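Reading through the structure tokens given below for one structure.
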Amino acid sequence: MERRHYNHFFFHGKNDPNEAEAETKCQYCQLNKFSTHSLYPVSIVFDDHERRTIPRDFTFIEENILREGVHLADEMFLSGCECDDDHQCMFGTCHCLQDVHNDGSGVKQNAYHVVGERKGCLRGHMLTSRKPIYECHARCGCSADCPNRIVGAGRKVNLQVFPTEDNRGWGVRAKEDIKRGQFVGSYVGELITSTEARLRREAGSSLSHKDVYLFALDKFSDPDSQDPRLRGDPYEIDGEFFSGPTRFINHSCDPNLRIFAVVTDHANKPFHGLSFFALKDIEKETELTFDYTDGVSHRKDERNINDLTDKEWATTVTVCLCGAKNCRGYLF
């Protein structure tokens with residue numbers, strides 16, 4: 001057992017002031033401090049012969065860290081709905097759903113089922129779309145039990161980070177069954193400007209490697225937007241060194257999860273959230289995966305794969321190791 005694992009299980013959590021500094025750097029202690037830990041803990045597992053470890057310079061966090069140049073909207077611009085009945089938060093009259101346009105008079109506009117076995121799960125038409133999700137939040141008039149506060153209510157799935165057996169590094173699985181459309185967790189990290197993201201890409205040892213952890217918040221980017229923050233290059237989330245357990249979810253060309261943009265307060269659209277939802281019913285202990293490109297090609301070289309030389313493969317293509325029957329053979 002590596003020394004840092006030994007120290008956690010034998011010395012941490014005992015209110016020993018001599019261990020206080022070590023506990024702040026301990027990844028197990030970081031997970032134990034999550035607000036969801038008591039009911040929905042995240043665990044890290046490995047066997048006695050496992051030599052791989054979570055990188056020492058990685059820190060588990062629960063919320064985004066705002067870096068230089070990132071400024072959320074001023075308090076005076078923040079607002080929520082004035083619904084005094086949670087039932088109202090399913091329809092277009094709810095301020096939080098003002099940008100949702102599902103066809104039909106009286107059609108429910110919120111993204112989630114509100115009754116039945118799939119209560120709290122994304123509706124079917126949402127799962128097959130690339131539409132953003134709009135949620136109510138703490139500034140709203142509705143209650144904390146509002147059916148339109150699923151992501152805001154926090155993760156309700158027990159996750160486990162584990163070492164894969166096929167050279168794909170670490171992976172994530174659930175310790176319980178997951179329903180189709182169920183919220184699994186959010187992707188968090190350092191929230192940075194596009195300029196900083198470019199610098200980090202250039203400083204990385206491999207551009208494609210860094211791209212695995214950088215997510216552009218470009219869902220609402222629009223050169224004609226009245227919001228200057230949406231007219232330029234988007235802000236990005238970097239989860240390489242600071243993130244949650246979802247940072248370790250691997251890619252698959254046949255994924256069981258999908259990532260969605262999530263908006264709470266409209267004034268902070270440029271900093272929308274990124275959340276994972278299940279595309280299908282998932283049995284416990286099944287590895288969780290998502291398509292890093294969401295089915296859209298981001299290869300730097302658009303020639304046919306078979307026309308590339310070995311050297312070009314090494315410099316322009318990130319090989320995919322997902323092993324799915326429909327594997328494309330590459331990530332980027």
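No experiment lies behind these values; they were computed from the predicted model shown. Values reported hereafter were calculated over all heavy atoms of this structure, with side chains retained and with hydrogens, waters and symmetry mates removed.
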Carboxylate-amine/guanidinium contact Arg173 Glu287, below 4.0 Å: no
Non-neighbouring partners of Asp218 that pass side-chain contact (heavy atoms from CB on, under 4.5 Å), sequence neighbours left out: Ala216, Ser221, Pro234
All pairs passing side chain to side chain donor-acceptor pair (under 3.5 Å) where residues 145-155 contributes a residue, at least two apart: Thr36-Arg155
Distance-only polar pair, side chains of Asn250 and Thr289, donor-acceptor under 3.5 Å: no
N-O pairing of Glu176 and Lys156 below 4.0 Å: no
Residue pairs, two or more places apart or on separate chains, that pass ring-ring contact (aromatic ring centres under 6.0 Å, His included) and touch residues 114-153: Tyr134-His266
Cation-pi geometry met for Arg180 and Phe277 (6.0 Å, 45°): no
Qualifying residues under side-chain contact (heavy atoms from CB on, under 4.5 Å), relative to Gln30, sequence neighbours excluded: Gln27, Thr59, Phe60
Cationic N near anionic O, under 4.0 Å, Glu75 to Arg139: yes
Contacts of Asp281 that satisfy side-chain hydrogen bond (donor to acceptor under 3.5 Å, both in side chains) - sequence neighbours left out: Arg118
Cationic N near anionic O, under 4.0 Å, Asp254 to Lys325: no
Thr293-Arg328 side chain donor-acceptor pair, cut-off 3.5 Å: yes
Partners meeting side-chain contact (heavy atoms from CB on, under 4.5 Å) with Leu257 (sequence neighbours left out): Val184, Ile249, Phe276, Ala278, Ile282, Leu288, Phe290
